[in-house]
Q: 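Here it is: the structure, laid out below.
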Amino acid sequence: MSLSIAELVKLLPPPPPPTPALPTGVAALDAVLVGGGLPRGRLTEIVGPAGSGKTTLTRAIVESTVAAHGWVAYVDAQRTLDARDWVHLGDAEGVWIIRPRDAGRAAWCADVLLRSGAFALVVLDGAPMLTKSAAVRLTRLARESNAAFVVLGERTGGASQLGGAVRLLVERTKRRHPPPTTPHPPPVGGDGWGVMSIAVRVEKGGTLRTVEVRCAIGVARRLCTHPEVPDRRGVARGPAGGNRRAHARRAASPPADVTGRGTAAHAVVEPSAELRTAVARARALG
């Protein structure tokens, strides 16, 4: 029995309707992305140097997902997220922040989270570069769970060896300064001087344009990557501010006179007769 291609197409089930994209929470950025946001079931890369604003942009995506009643899983591989920037999401339902003991286990955590199928957004932050096999496996799991999978990485190395369907480059823009004639600049966060912003360039997955995103609190804070307690030996011996020279001079100065006469009180120690006799004999012997 021979069938033509048109007849075979009629026998196949119709393709499922396309799933709406996940909004980023930034209207200007959603306008230049295909589908109006991050694609579900695909890999999205957010790259940029340290301090460029990747975490700030990702936080906006998380807040937008939570507002739409979607569950979010954020894998903090380096354990550097500052709780002050995320505490407002503590009462929201379905916000999970996972901190593995080893950064190398972050991809395994993302694997388990995507397999559960409970999350609309899974973020992998601070993990080593994903190998091609790991990226293919995680992308397949994201497609099966209909979740948006976002990986943060450095600009030099990228986020994965596979490459995502969407690639966003985040760059820190300079702060605008008021002119010399301005006596009192407006407060930070308004429409005037002192507004912090980041530039997001769509390199893949949409219109190749650069979008400026304003941040009311600037770039999100990060904690120290080393969990060890800092060495503070010697801090208690010195004054506040680290002026060790002044402290050394005070330590070398003679103690004050307890009698209140303003002169130092020194105790005079007289040598004994035996010590004087021994010294005299040593001098006589040469």
Side-chain angles (χ1 to χ4, degrees), residues 22-26 29 33 37-40 42-66 70 72-83 85-86 89 95-100 102-114 119-132 134-135 137-139 141-142 147-172 198-206 210-211 213 215 217-225:
L22 190 69
T24 63
V26 182
L29 183 58
L33 290 173
L38 303 182
R40 294 176 180 264
R42 307 296 295 273
L43 171 63
T44 299
E45 294 179 307
I46 300 179
V47 297
S52 59
K54 299 187 298 293
T55 308
T56 301
L57 177 61
T58 307
R59 183 178 54 197
I61 300 173
V62 171
E63 293 173 350
S64 176
T65 306
V66 172
V72 178
Y74 197 113
V75 182
D76 182 18
Q78 298 292 339
R79 307 169 66 90
T80 57
L81 287 184
D82 196 338
D85 296 336
W86 302 83
L89 298 174
V95 178
W96 291 43
I97 296 182
I98 297 90
R99 289 184 166 182
D102 185 9
R105 302 284 289 175
W108 177 83
C109 295
D111 186 298
V112 175
L113 295 168
L114 290 172
F119 300 96
L121 173 64
V122 176
V123 181
L124 185 57
D125 182 10
M129 181 187 298
L130 292 177
T131 61
K132 188 174 182 180
R137 183 181 73 255
L138 294 176
T139 303
L141 293 175
F149 181 43
V150 178
V151 181
L152 278 64
E154 297 293 336
R155 173 60 176 169
T156 55
S160 67
Q161 297 179 357
L162 178 64
V166 176
R167 184 181 178 90
L168 304 178
L169 173 61
V170 183
E171 297 177 348
R172 180 81 173 271
I198 58 177
V200 182
R201 185 168 60 190
V202 181
E203 294 188 340
K204 190 178 179 182
T210 300
V211 177
V213 180
C215 309
I217 63 170
V219 176
R221 294 175 286 261
R222 286 280 186 174
L223 301 177
C224 180
T225 57

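Keep in mind that what you see is a predicted model, and the values were worked out from it rather than measured.
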Q: Do side-chain atoms of Lys54 reach the backbone of Pro49 as a donor and acceptor pair under 3.5 angstrom?
A: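 Yes; at least one donor-acceptor contact below 3.5 Å.
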Q: Side-chain contact, heavy-atom cut-off 4.5 Å: Val95 with Tyr74?
A: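 Counting from C-beta outward, Val95 and Tyr74 never come under 4.5 Å.
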Q: Do side-chain atoms of Glu203 reach the backbone of Leu169 as a donor and acceptor pair under 3.5 angstrom?
A: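 Looks like no, no N/O pair under 3.5 Å.
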Q: Does any non-hydrogen side-chain atom of Val122 lie less than 4.5 Å from one of Leu138?
A: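 No, their side chains stay 4.5 Å or more apart.
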Q: Do Val151 and Ile46 have side chains that get closer than 4.5 Å, going by heavy atoms?
A: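 With C-beta onward as the side chain, the pair stays apart.
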Q: Can you name the nearest heavy-atom pair linking Ala127 to Ala77, along with the distance?
A: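 It is N-CB, 3.6 Å.
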Q: Taking all atoms of both residues into account, what is the closest heavy-atom pair of Ala103 and Gln78, and its distance?
A: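 Between these two residues, the closest heavy atoms are CB-NE2, 4.0 Å.
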Q: Taking the side chain as every heavy atom from C-beta outward, state whether Ile198 and Ser52 have any pair of such atoms under 4.5 Å apart.
A: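 Counting from C-beta outward, Ile198 and Ser52 never come under 4.5 Å.
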Q: Got a donor-acceptor contact below 3.5 angstrom from the Arg99 side chain to the Leu81 backbone?
A: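 Side chain of Arg99 to backbone of Leu81: a pair is present.
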Q: To the closest 0.5 Å, what do you measure between CG (Leu29) and CG (Leu168)?
A: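 Taking CG in Leu29 and CG in Leu168, the distance rounds to 6.0 Å.
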Q: Between Thr65 (side chain) and Ile61 (backbone), is there a donor-acceptor pair under 3.5 Å?
A: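 At least one qualifying donor-acceptor pair exists.
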Q: What heavy-atom pair brings Ala110 and Phe149 nearest, and what distance separates the two atoms?
A: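 Taking Ala110 first and Phe149 second, the nearest heavy atoms are CB-CE1, 4.2 Å.
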Q: First locate atom CG of Leu124, then atom CD1 of Ile98, and finally report the distance between them rounded to the nearest 0.5 Å.
A: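 One gets 10.5 Å once the value is rounded to the nearest 0.5 Å.
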Q: Considering all heavy atoms of both residues, which atom of Ala148 and which atom of Leu22 are nearest to each other, and what is their separation?
A: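 Scanning both residues, the minimum pair turns out to be CB-CD2, 3.8 Å.
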Q: Restricting to non-hydrogen atoms, name the atom on Arg105 and the atom on Pro100 that form the minimum distance, rounded to 0.1 Å.
A: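 For Arg105 versus Pro100, the nearest heavy atoms are CB-CB, 4.3 Å.
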Q: As an exercise, state the distance from CD1 of Ile97 to CG of Asp76, rounded to the nearest 0.5 Å.
A: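 Going from the CD1 atom of Ile97 to the CG atom of Asp76 covers 7.5 Å.
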Q: Which heavy atom of Ala120 sits nearest a heavy atom of Arg40, and at what distance?
A: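 For Ala120 versus Arg40, the nearest heavy atoms are CB-NH1, 3.8 Å.
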Q: Residues two or more places apart in sequence or in another chain: which of them pass side-chain hydrogen bond (donor to acceptor under 3.5 Å, both in side chains) with Asp111?
A: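 For Asp111, the residues satisfying side-chain hydrogen bond (donor to acceptor under 3.5 Å, both in side chains) (neighbours in sequence not counted) are Arg115, Arg137.
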Q: Evaluate the side-chain proximity of Leu152 to Thr58: yes if any heavy-atom separation is below 4.5 Å, no if none is.
A: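 Yes - at least one pair of side-chain heavy atoms lies under 4.5 Å apart.
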Q: Is there a side-chain contact between Thr24 and Ser64, using heavy atoms and a 4.5 Å cut-off?
A: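 Side-chain contact under 4.5 Å: no.
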Q: Rounded to the nearest 0.5 Å, how far does CH2 of Trp108 lie from CG of Leu113?
A: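 Reported value, rounded in 0.5 Å steps: 9.0 Å.
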Q: Can you tell if the side chain of Leu162 reaches within under 4.5 Å of the side chain of Leu130, non-hydrogen atoms only?
A: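 Leu162 vs Leu130: side chains apart.
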